[in-house]
Structure formats: structure tokens, C-alpha cells
Q: 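Structure below; questions to follow.
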Number of protein chains: 2
Amino acid sequence: MATIADVAKRAGVAPSTVSRVLNESGYVSKETRRRVLAAVKELNYVPNVHAERLRTGTSKTIAFVVTEFTNPFWAEVARGVEDVVWQNGYDLILRNTAGDPERELASIRGFRRRQVDGAIFPWLQEGWAELKALDDEGVSIVVLGHAPEEYGFDVFTIDNVRGGYLATEHLLQLGHKRIAFISADFTRERERGYRMAMEKYGVTPDETLVFREYAAPELERGEIVVRRLLDQDDPPTAIFAYNDVTAIGVWMELEKQGLRVPDDVSLVGFDDIPMASLIRNGLTTVALPHYEYGRTAAEFLLRRIAERSGSSGRSVTMQPELIIRGSTRPC
Amino acid sequence: MATIADVAKRAGVAPSTVSRVLNESGYVSKETRRRVLAAVKELNYVPNVHAERLRTGTSKTIAFVVTEFTNPFWAEVARGVEDVVWQNGYDLILRNTAGDPERELASIRGFRRRQVDGAIFPWLQEGWAELKALDDEGVSIVVLGHAPEEYGFDVFTIDNVRGGYLATEHLLQLGHKRIAFISADFTRERERGYRMAMEKYGVTPDETLVFREYAAPELERGEIVVRRLLDQDDPPTAIFAYNDVTAIGVWMELEKQGLRVPDDVSLVGFDDIPMASLIRNGLTTVALPHYEYGRTAAEFLLRRIAERSGSSGRSVTMQPELIIRGSTRPC
DNA sequence: CGTTAATGTGGAAACGATTCCAGTATACCA
DNA sequence: TGGTATACTGGAATCGTTTCCACATTAACG
């Protein structure tokens, strides 16, 4: 591989001149520039990025940590992050923790060694203190979702409360009152939105309509829900499921039992997975702006790196969108 | 940030000695080692990775390019790659091309600048020549899926032909003879497997049963398929869809028209998406070893990097697995 | 007891860029 | 005509490691 010295020799100038040409800094005559550029082309020269980075003390690298990018949520966010990071000439190094605290810590330490310029982290199991240490060393940090207040990280959030609110409000506006909610252990915010909407519309939620058999496959497949629904004297006329997969599971089970959506029961999901638009006349659901989420966070991070400013404890919230399809109708 | 010189001074030794301790190379006395390690800890020293890499001429970085990691296929593969790459102390830099030739080329050039040690690429639109050039410069390359013969890349493949074969054979063994196949423009291999199985079992495929309305949403939703199926004098008793999403679409449509799976029609999908096990009694499908695919390719690449051996034109094929669930039964 | 081998250590030269400084040539202005 | 600003260039230091070489010291051995 040709070095800057080779180029310099070939062009009959000093290495510093080559550097000036390539970085467009300082004075270079038209003629010298031409000669240098020609030599660069002839030798097929590319600067050694390690030397560059050693000298300038920057790494032009952003780290992005996710818990599980097999999860479509993170995959979409990663797309957004990747796009802006590369557009700005940075590398994106990716790390999947699988929720393992060991890996979290290993990642943080690794990033310190690698002197990344910035990093985007999700909620961590442990490791907040270490992350803060990274921040203190001048590595820009942005946290996705939620972070302990006391560290003052910049936090980007998608408003899940509002998502839950929108879904529930939609059903309420259609005249439904007995609205079931299927929750999971990680969906407290969506549940809060559900309750806020109910309250706002003057309906006190019937606690027997809130399903909590967290992550049981019978729940995902809708068996429990539908069984209990059929048992009720006064069954719900609408169901809001914490995600689309569960909503579709419920839908399948309802049909198995001879109930029709939306004629007998209205159904709302959450996430807007690709299949949501394919089932029957489509599943009404709440879409989160994943891609934009990643973009915005990455843009913010890059700006902070450029400005060399530290964490400010700012927080940005992005809004979900209600997508009305064929699974809901007036009560 | 503390440097190796700081550590050396604090421990009262020379930088070279510190280096020897840290890299466990050459002779170091027990006592010196202790002192150096203590100093390292006290100063919270981490070696500067850029200096390291500049000096050693290695980057400890692997690039992984995918067309679209929002696609669960690639997300899974990425998981596999990521796991082994990190386990071996390498960085993974990730690039999503979205099938854009511009981005392909930009990535390849970028990797040259960044002096990655190795790269894993999918099928490219263009850019094969540039990739070959990278290979010639000593960057280890592995291609996923398929590559032009003439370049002699090492290629890793998942056997889609066999997948198609397994699915079809399963139906044939259940006694089905009129088996429809729903294809897409990128599923020629699966179709070949379908035809191979039919031939093997002495059944000549009825070309009216091969659906080719590529990627039309009506096809995905199963409308065309079911409509045409009902029109036939001698309708198929089984359907093999090129992927699970389409299979489920067909399933939905069949039910809408009053046909039952598997009682009236057996159904086989492809991919084994999470929802495949949730629909009714489950969708019989073909699972591809995505994660293992990524792992194996990455392990292979790392081994080649360690051995400093170039491409050899080898090719490794990984086998799919038939997963029998409730959507198929004897004819 | 002299010779050779095994340990242990420090000094200094790379690696390949950027950047500061000094120096020269030309242009401009009073 | 002399002084100063502007344009242009080369030399050398520097970033923080690794690694080669030289030099001691100690151990082993015939």
C-alpha cells in the first residue's frame, strides 16, 4: 500500500504538501495540486486511517448498542442510525447485548479502548456508572428510551404512553366502553396511556378486563383472553393488545370460537408489523416512528460531537401514529 | 488519558517493558509484572487502539454488509456474525446497502480506507471487480449466497433448493399430488427444489398450479391463489408458498372462503417466522439456519485472517430443516 | 572456572499521517 | 525603494504503540 511519502516522492513535493492538498487546508498552487492528485491516482493511494486517527485523536466511529436487533423495533432504529452515521463519514460499530449485563460492560470497556467518538445506548441492566465514566472522558453519549435521572444523560424517547392513549381513545370515540387491555411486563407505559384515556372519557376500567398473564404463549395465542371473554356476563366489545403479534393471536382465536372482528369485537394492536395490513381488512394499530427515532438520535449525537459539548440532560420525545384499518368499528 | 509512557514512569520501567507485560511477550520478572499491572490499574490505563493498529498494521475490524437488516433473515445472520466477531475481540462494522449500487461501492471503498481485516458481503448489484481488488490487497472476503464464479471468492450458501425439495417431498409423502407452488422473482431455487421433488416422485407439475404474480399484494394476501384454486375443475389439495407471510395470507383467504386448513387444503410455508407457530395449530414450514449461517461464515473468515490465506474459491452449503406443524395432513 | 544459554531490561526506530514553524518568492502599498 | 502582507513549500516534531537490538545479569554445564 502506497503511503503519503510515496505520493510525495512521485509528485516531487513534501508529504506535508500532499496532506494539504488532500485536506484542502493551507495554500497550494494550482499546478502542485494537479501533480499531487495525479500521483494519488496513479498509486491508487488511500490514506491510512489509523495514522490519521492517531495523529488527530479522533476515531470517526460511533457505537450503537441494542439489546436485540433481531427485534424489528431495533432493526428499524438501527437503519435510521446507520443512514445518518454513514452519510457523515463515520463508521458504525454495532453491538448486540442480548440483555446480558456482562456484554453491556464488555461493550462499554471496549468502546473506551477503541476511543469511539460517540455511542448510542439503550436502557442498561447495570453499567450506568461505567457509561457515565465514558461520558466524563469526553465520549458523547445518547440514551434511547430511559435513563436514571441522576446521570444527566441526553435521552431520546418514543412516547408509548401517548401510543396507548391514542389506541384507547380511538375505541372510546367509536363508542366502546368495555375495553380490554392485554399487557406484558414491559408495557406499563402503554397501560398508563390506556388508563389516561379511559379516565379522560369518564370510563372506569374494569380490572377483570386487564390481562396480565405475562408472555404466556396461551396469552399470545389469545386462548386465555377469548376464553375469559366468553365467560363474562358483560364481555368487552373491544380489545387493545400491547402488540400486533398478540392482537393477531387473539384474532385467530376469536374466529376459531366463531366471533368476528370487527363485527363482534373491535381489535387494536401496537407496532404496525408488516403483517398487520395483510390480515383480513387490516389490523388497526399504533405505529412508532422507529426509523426517524434512530435518525434523530444519531443526528443529535453527531451535532454534539461536532460542537464538542457534553451531556446536558436534555430529553426528546417522538410521537406515535394511530393507523386505522379494518379491525375496529363503532360499537 | 494515560499513555504507556505514563504507566512506565509510574512503574519505574521502560515503555517497552510495559508493552511486554500487557502483551505477554518476551521475558518479564514476576516483580516487574506486578508493579506494571499496579500502575496500569492506578492510572486506569487502556492502550490507544489507533497507535496499536498503526504499528501492527492490523485493524481488528470486520465489515459486514447486508442489503437490508430490517429483513429478519439478515438480522439473524448478523446476530451470528456479531457473536463470533466480538468473541474474538474484533469490531464489527455494519453497512446496509438497501440494494443501492452507489452504497455498495461506497462501502467497498470505505473499507479499503479503514483497512478492515476482513469483510462479509452479500450478493452485489455491481462492485464485484472492486471487491476483487479489495481481496487482492489482502483483505479477506467471504460472500454470502452466491458470487460470480470467475473471481474465486469463498462462498457460503443456504441450500434453498433443498428447502423447496423438503417442503414438497413432505406433501408428496402425505399422498398429495396436485401441489400448487407460489413463487416470487427471487425464489427460483426453491422452485427448483419443488420441481425436483415432483419429478422424483413421478408427478408432473401442472403449470397452472405455479403462481407467478410476483409480489402483487393480492398474491401476498392470497386472493389470486384462492380465487384461481376455486375455479379449477381439479383444484390442488396442497399449497407450498415461497414464504410464511404469503402462506398465512393464503390461509386467511382460504378461511374467508370457507375452506379449512389442513382439512381441505394442506399448506406449507418457508422461513419459520415467529408467527408461524402461533396461527391455529401452527404452520408447517422450512426453517433456515440463519444464525448458524452467520456464525459459520464469520468463523471461517476469522480463521482465514489468522492463517493469512487468500480466497480459495471454496463453497460451503448449510442445510435447512423441515418443521412439521398443524397445517399439513395426509391427502 | 570459563563458556554458553536463558532471563530480564532499556533505548530507539519504526508505523503513516497531521501540523507547526520557518523560509522563500511574489505582490502590494505607501 | 523599502516594508509588509500573501501565497506557497519543505522540514521536523508528534501522536502512542510495538519490536528489534544491545546490554546486563544470572543459571547451567562440561
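Note on naming: letters A, B, ... go to the chains in the order of the sequence lines (proteins, then strands), and numbering restarts at 1 for each one. Quick note: numbers below take in every heavy atom, side chains included, and nothing from hydrogens, waters or symmetry partners.
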Q: Considering heavy-atom distances to DNA chain D, does A:S29 or A:P15 have its closest nucleotide positioned more toward the 5' end?
A: A:S29
Q: How many whole angstroms separate atom CD of B:E24 from atom P of C:dG8?
A: 14 Å
Q: Would you mind listing every salt bridge (charged side-chain N to carboxylate O under 4.0 Å, His left out) that reaches into residues 6-15 of chain B, with sequence neighbours excluded?
A: B:R10-B:E42
Q: Which whole-number value in Å describes the distance from A:K60 NZ to C:dT18 P?
A: 13 Å
Q: A:I4 side chain: which of C:dG10, C:dA17, D:dT17 is closest?
A: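 Within the option list, the nearest is C:dA17.
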Q: Relative to A:Y90, does A:K60 satisfy both conditions: NZ or CZ under 6.0 angstrom from the six-membered ring centre, and within 45 degrees of the ring's axis?
A: yes
Q: Applying a 4.0 Å non-hydrogen cut-off, can you work out what B:V49 is touching in the nucleic acid: base, sugar-phosphate, or nothing?
A: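 Since no nucleic acid heavy atom lies under 4.0 Å of B:V49, the category is nothing.
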Q: Which residue, B:G26 or A:S16, contacts DNA chain C at a nucleotide closer to its 5' end, judged by nearest heavy atom?
A: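 This one resolves to B:G26.
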Q: Please classify the nucleic acid contact of B:R53 as base, sugar-phosphate, or nothing, using heavy-atom distances under 4.0 Å.
A: nothing
Q: From C-beta outward on A:R55, which listed nucleotide comes closest to its side chain: D:dG10, C:dT19, D:dT17?
A: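 Of all the options, the side chain of A:R55 is nearest to C:dT19.
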Q: Determine the contact category for B:S19: base if any of its heavy atoms lies under 4.0 Å from a base atom, sugar-phosphate if only primed atoms, P, OP1 or OP2 are that close, otherwise nothing.
A: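 Here B:S19 touches the bases of the nucleic acid.
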Q: Examine C:dT18: is either OP1 or OP2 under 4.0 Å from a nitrogen or oxygen in the side chain of A:N23? Give yes or no.
A: yes
Q: Specify the closest pair of heavy atoms between A:V7 and A:V36, including all atoms of both residues, with the distance to one decimal.
A: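 Nearest pair, atom of A:V7 first, then A:V36: CG1-O, 4.2 Å.
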Q: Hey, is the side chain of B:Y45 poking within less than 4.0 Å of OP1 or OP2 on D:dT17, counting only N and O atoms?
A: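 True: B:Y45 side-chain N/O within range (under 4.0 Å) of D:dT17 OP1/OP2.
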Q: Looking only at atom types and distance, does a side-chain atom of B:T97 sit under 3.5 Å from a main-chain N or O of B:E104, one as donor and one as acceptor?
A: no
Q: Report which part of the nucleic acid A:T32 touches: base, sugar-phosphate, or nothing (heavy-atom distance under 4.0 Å, all strands).
A: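 Here A:T32 touches the backbone only, sparing every base.
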Q: Would you mind reading off the distance between A:E52 atom CD and D:dC15 atom P, rounded to a whole angstrom?
A: 18 Å
Q: Please name the pair of heavy atoms, one in A:V81 and one in A:G294, separated by the smallest distance, quoted to 0.1 Å.
A: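 That closest heavy-atom pairing would be CG2-O, 3.5 Å.
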Q: Atom CG of B:N48 and atom C1' of C:dA17: how far apart are they, to the nearest Å?
A: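 After rounding, the gap between these two atoms is 14 Å.
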Q: Roughly, in whole Å, what's the span from CZ in B:R20 to P in D:dG16?
A: 21 Å
Q: Once you round to the nearest 0.5 Å, how far does OG of A:S29 lie from CZ of A:R35?
A: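 Atom-to-atom, A:S29:OG and A:R35:CZ are 7.5 Å apart.
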Q: Among C:dT19, C:dT9, C:dG10, which is the nearest nucleotide to the side chain of B:Y27?
A: C:dT9
Q: B:R114 has an atom CZ; how far is it from atom P of C:dG16, in whole Å?
A: 19 Å
Q: Let me know the distance between NE2 of A:H50 and P of D:dG16, rounded to the nearest Å.
A: 17 Å
Q: Nearest-Å distance, NZ (A:K9) to P (D:dG10)?
A: 15 Å
Q: When you measure from the side chain of A:T56, which nucleotide among C:dT19, D:dT18, D:dC15 comes out closest?
A: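 Nearest nucleotide to the side chain: C:dT19.
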Q: What nucleotide, of D:dT18, C:dT9, D:dT9, holds the atom closest to the side chain of A:V28?
A: D:dT9
